[in-house]
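Chain identifiers are assigned alphabetically (A, B, ...) following the order of the sequence lines, protein sequences preceding nucleic acid strands; residue numbering begins at 1 within each chain.
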Amino acid sequence: MYIYADNAGTTKMSPVAIDAMTKCMNEVFGNPSSLHSTGQRAAEVLQKAREDVAEALGADFNEIYFTSGGSEADNQAIRSAALFGAKKGKKHLISTKIEHHAVLHTLKKLEREGFEVTLLDVGADGIVDPADVEKAIREDTALITIMYANNEIGTLQPIDEIAKICKEKKVTFHTDAVQAVGHVPVNVHAQNIDMLSLSGHKFHGPKGIGVLYVRKGVPLFNLIEGGAQERGRRAGTENIPAIVGMAAALKEAVANMDENMVKIAAMRDRLIEGLSTIEHSRLNGDAKKRLPGNVNFCFEGIEGESLLLLLDEKGIEASSGSACTSGSLDPSHVLLAIGLPHEVAHGSLRLTLCEENTPEQIEYIIKEVPGIVSYLRDISPIWEE
Amino acid sequence: MYIYADNAGTTKMSPVAIDAMTKCMNEVFGNPSSLHSTGQRAAEVLQKAREDVAEALGADFNEIYFTSGGSEADNQAIRSAALFGAKKGKKHLISTKIEHHAVLHTLKKLEREGFEVTLLDVGADGIVDPADVEKAIREDTALITIMYANNEIGTLQPIDEIAKICKEKKVTFHTDAVQAVGHVPVNVHAQNIDMLSLSGHKFHGPKGIGVLYVRKGVPLFNLIEGGAQERGRRAGTENIPAIVGMAAALKEAVANMDENMVKIAAMRDRLIEGLSTIEHSRLNGDAKKRLPGNVNFCFEGIEGESLLLLLDEKGIEASSGSACTSGSLDPSHVLLAIGLPHEVAHGSLRLTLCEENTPEQIEYIIKEVPGIVSYLRDISPIWEE
Amino acid sequence: MLYSEKVMDHFRNPRNLGKMDDADGIGEVGNAKCGDIMKMYIKVKDGIIEDVKFNTFGCGSAIASSSMATEMIKGKSIDDALELSNKAVVEALDGLPTHKIHCSVLAEEAVKAAVKDYYDKNGIAYDKEKFAPGSCPTCGE
Amino acid sequence: MLYSEKVMDHFRNPRNLGKMDDADGIGEVGNAKCGDIMKMYIKVKDGIIEDVKFNTFGCGSAIASSSMATEMIKGKSIDDALELSNKAVVEALDGLPTHKIHCSVLAEEAVKAAVKDYYDKNGIAYDKEKFAPGSCPTCGE
Ligand SMILES: Cc1ncc(COP(=O)(O)O)c(C=O)c1O
Ligand SMILES: Cc1ncc(COP(=O)(O)O)c(C=O)c1O
Ligand code: FES
Ligand code: FES
């Protein structure tokens, strides 16, 4: 059996998205800044995609900035808010310990440039307490950036409450919603979100394309300078095929969201139930306030990579920690933040499901994992029953 | 007749590139940072593309950094060199007046941040004099960035001589080769180029993808922070389909370059000849030291946009100035830099050819342009024979 | 499309295009450096603009704006013509892109300049206020 | 693939896996915080390593490195075993990714630790230099 269960790492593009993109590559190759018909046709297609994306997010089309992905959107949002804050003497930034590296490393760099950064703790459930956010706000707080859903343990953060606090305290609020958009309902206006990042390839859209939503009136600084694309805020010839592919995938994801959420969450819960029978295992992150497709376990006494490789031999594709840090030797900062000791954090397994997965696959996973865990414990010098 | 003659704006993707990309979207969707088979398959494909691109440029594969396009590559190269220069007290940057806005606006921003920028003049032929470059170099010069070929008037800059001067004087040399790569021979090692930017969509590859080549030993600073992709220098899930599509297009362009250059240059020269018969017209940029596909004319007494719109009615798609500034009212900074008065600079026409254009199309253009020019002069209050 | 159908129609088939040898008033506005010049000719009889012609050096929307402006003042009284606002021209054209609004401003100014020239030539007194040069929202000139 | 065929083979089918009850020397290196621990057991007769076993907690290359190291010292003299370098292990495995080199260092150290334990238990004098803890090129520990 072949099971792809690493949908938080990236997703397979949906046929609808591939078709939209291929059609565009063949037929709409113009540069939307060009005056001629081919260029103007591209401009029309771009505008339509912008409107579709805006609608999916509950935004206006002129609040949508296309970027090369979630990382760029995060970088631009945070740098921008920091810079405009600094102009008014506000050099304090608030975030959490469980953010994606696109956020954490940007904050780290700003810290070296003279900003002060408060990284909030999260509870053992992997969720930040809005009261902690409120307490952390100072006169000179320029930005609060807190992710919508965590990429490793899938926990959903109390975005509505945090955004409301930010609105009251008049602090700009950004959320990295890369893992949330297309999977759980998001409405930027209704939820008082000032800035939001998303990435196309997390909901069966193309890679290399993302969105930064910026509420009207919130100033935006350029990360990439050059031509006047994206209303002068993001230079570079517009990647129309990818934008169109992303818009198609997002539309599809939002249309099927209710149905998918129920279906995927049911598989998730069965998987959690099944893996919980393994001794000395624990589910990471709150069992309910998590993404419909996220399952994250730690198995004591084993190390994640060898578990992944053995699962791969069985046709089960999963991850341990987030994909982009798999080159690193450090255990996940997210698992450490929820209080796991280093040695346990090394033994994590993330299975992230989508609507393409089936209950049969879930049963297969539940059947295969225990044997592999027990083999690895057997050969481990630190494991004693 | 339908003629696309705006290949410097963007190109139509080649079937080879579309196929490579579509195949990849369908079959290689993994995240190359993932350990499982799907991820590792993506990592292999990525490595292969990296090697192909490196070979096309005469570079090593680990000198290739994939970016979201030419603008990002320019931004990163220049910011990076400026930043590392500043660490050693070097805060002087040299460039020319005819660079792309991705370069000029980045320099402008650095100027506001305390750097000193020297923008060299070019001759009436649109070419910078290497002697001027040499004279401009100071003890504290951190970077020289000079484009390989100009996007508006197509002039080829004396890159070999400039790079040699930079090497002797130990100043980092970057070239924006977005318009050159795939069209004229480029070999970064042989030509002593320290950093080079290119963009996929200028040689029949996909949009939203580009390359920053950085010679081994030249330090590189991150523009986009986050995951450890691109050896830690450019965060964001790798856009494998676009990378593969670009590599395929580049390989094809390089393989056919000799043949295409001859064919395209012949059409260019015939077009120049034909348009030169129009009175009060002038070719912009050196007639020989220019890209094989670039034709750029000024017609006195008329304004470029109305000319473009009327050409479009005849099926001829061209541009005036560069595509990304077509939203602006200012005449081209490049045409002003080669000494044209404002009113003449407004009347420019850029026709940029590729191997898909035909001699018949060239004759059609030569037949149609004079009538349109003369109509516009007729209705112009400033035109007197 | 960048431009509405109306703009393209007036661009392709400009109304009242040409010079006028026996004009009662001629107005020229804009400058070549900016890339737009409009020249408007009017023929006036009994306070009514009987005929109007224009020449324009400029972009598509400049040509369309001048064409539309001539249509809007032809056969109207001079007072009506002086009421013509750039906004009315934009509306009549079914809109213009933001960075092209200045073209409609030029058209309004060209009409005023032609009327002013007619007043001057005929020694007719007028309220200078009405001819205050409207400033271009794009370049501020 | 991240790993060579050799690495995958030793990972999938580790040689000399297991504990040894009557070991003459036991070495344990690494620490769980780092995510890698190797425990190596040796049986020595007449200066020859007659048998060797290992247990490893760690990544794929850690398991493969320990397996390969046991193969490389089994049946060899203790002096030969002490010559085993992490570089030799890497080469025997047809290479390791750069950030996984530390696993081969651990394997080298595990062998040395087991020999040292054998020497200590048997009151055999040895050159301390030879057992200087090699530092992990990755974490410096
Ligand atoms: C010379 C030059 N540099 C940079 C760019 C920017 O490339 P991109 O639009 O792919 O970011 C372009 C084209 O738009 C160009 O012609
Ligand atoms: C929470 C989160 N933020 C940001 C990113 C970065 O997105 P991208 O890889 O598209 O740049 C990711 C995924 O990699 C993510 O999961
Ligand atoms: S009148 Fe031409 S830009 Fe203002
Ligand atoms: S021993 Fe584990 S990282 Fe160095």
Side-chain angles (χ1 to χ4, degrees), chain B residues 6 9 280 298-336 339-350 368 371-385, chain C residues 1-4 7-20 23 26-41 53-67 70 96-103 105-106 110 113-114 136-141:
Chain B
D6 190 15
H280 298 281
C298 275
F299 304 106
E300 283 176 37
I302 67 166
E303 191 273 345
E305 190 202 285
S306 38
L307 176 59
L308 292 189
L309 291 172
L310 292 173
L311 285 171
D312 191 49
E313 303 264 309
K314 301 278 184 186
I316 302 169
E317 299 194 316
S319 74
S320 175
S322 66
C324 58
T325 52
S326 68
S328 113
L329 300 162
D330 302 323
S332 146
H333 65 285
V334 176
L335 298 180
L336 297 181
L340 298 198
H342 272 69
E343 50 276 26
V344 177
H346 276 295
S348 76
L349 172 66
R350 181 182 75 172
E368 294 296 338
I372 295 172
V373 167
S374 117
Y375 163 75
L376 286 172
R377 282 175 175 172
D378 272 356
I379 73 167
S380 165
I382 59 168
W383 183 252
E384 316 286 347
E385 291 293 342
Chain C
M1 269 305 290
L2 179 62
Y3 294 130
S4 69
V7 173
M8 286 308 289
D9 177 34
H10 277 263
F11 167 68
R12 282 189 203 111
N13 312 296
R15 326 296 200 254
N16 308 307
L17 184 64
K19 297 194 174 72
M20 192 190 283
I26 302 179
E28 184 170 314
V29 295
N31 70 67
K33 268 187 92 168
C34 265
D36 297 281
I37 295 181
M38 286 182 197
K39 192 165 186 175
M40 209 166 273
Y41 306 80
K53 293 275 178 204
F54 81 94
N55 272 165
T56 290
F57 161 81
C59 64
S61 66
I63 293 172
S65 295
S66 24
S67 165
T70 59
L96 280 178
T98 330
H99 64 284
K100 292 292 186 179
I101 298 294
H102 80 280
C103 301
V105 174
L106 274 188
C136 164
T138 312
C139 69
E141 277 179 24

Q: Work out which heavy atom in C:Cys59 is nearest to a heavy atom in B:Glu303; give both atom names and the distance.
A: CA-OE1, 3.1 Å
(Q) If I measure from the heavy atoms of chain B, does C:Tyr3 come under 4.5 Å with its side chain, its backbone, both, or neither? (A) side chain
(Q) Please identify, among C:Ala62, C:Ser61, C:Gly58, C:Gly60, the residue contributing the most non-hydrogen atom pairs under 4.5 Å to chain B. (A) C:Gly58
Q.
If I take atom NE2 from residue B:His342 and atom CG from residue C:Asn31, how far apart are they, to the nearest 0.5 angstrom?
A. 9.0 Å
Q | Side chains of B:Ile379 and C:Thr56 in contact at under 4.5 Å (non-hydrogen atoms) | A | no
(Q) For B:Leu376 and C:Ile63: C-alpha separation, side-chain torsions, deciding distance, then whether side chain to side chain contact (heavy atoms under 4.5 Å, CB included) applies. (A) CA-CA 10 Å; B:Leu376 286 172; C:Ile63 293 172; 4.2 Å; yes
(Q) What part of B:Leu310 gets within 4.5 angstrom of chain C, counting heavy atoms only: side chain, backbone, both, or neither? (A) both
Which donor-acceptor pairs under 3.5 Å do side chains of residues 11-19 of chain C form with protein atoms, sequence neighbours excluded?
residue: C:Arg12; atom: NE; partner: B:Glu313; partner atom: OE1; Å: 2.7
residue: C:Arg12; atom: NE; partner: B:Glu313; partner atom: OE2; Å: 2.5
residue: C:Arg12; atom: NH2; partner: B:Glu313; partner atom: OE2; Å: 3.1
residue: C:Asn13; atom: ND2; partner: C:Asp9; partner atom: OD1; Å: 3.1
residue: C:Arg15; atom: NH1; partner: C:Asn13; partner atom: O; Å: 2.7
residue: C:Arg15; atom: NH2; partner: C:Asp9; partner atom: OD2; Å: 2.7
residue: C:Asn16; atom: OD1; partner: C:Lys74; partner atom: NZ; Å: 3.2
residue: C:Asn16; atom: ND2; partner: C:Thr70; partner atom: OG1; Å: 2.9

**Q.** Pairwise distance NZ(C:Lys39) to OG(B:Ser380) - rounded to 0.5 angstrom
**A.** 10.0 Å
Q. Between atom CG of C:Asn55 and atom CD1 of B:Ile382, what is the distance when rounded to the nearest 0.5 Å?
A. 11.0 Å
Q | Spatial distance of atom CD1 (C:Ile37) from atom NE2 (B:His346) [nearest 0.5 Å] | A | 9.5 Å
Q.
I need the B:Glu343 CD to C:Phe57 CZ distance, nearest 0.5 Å.
A. 7.5 Å
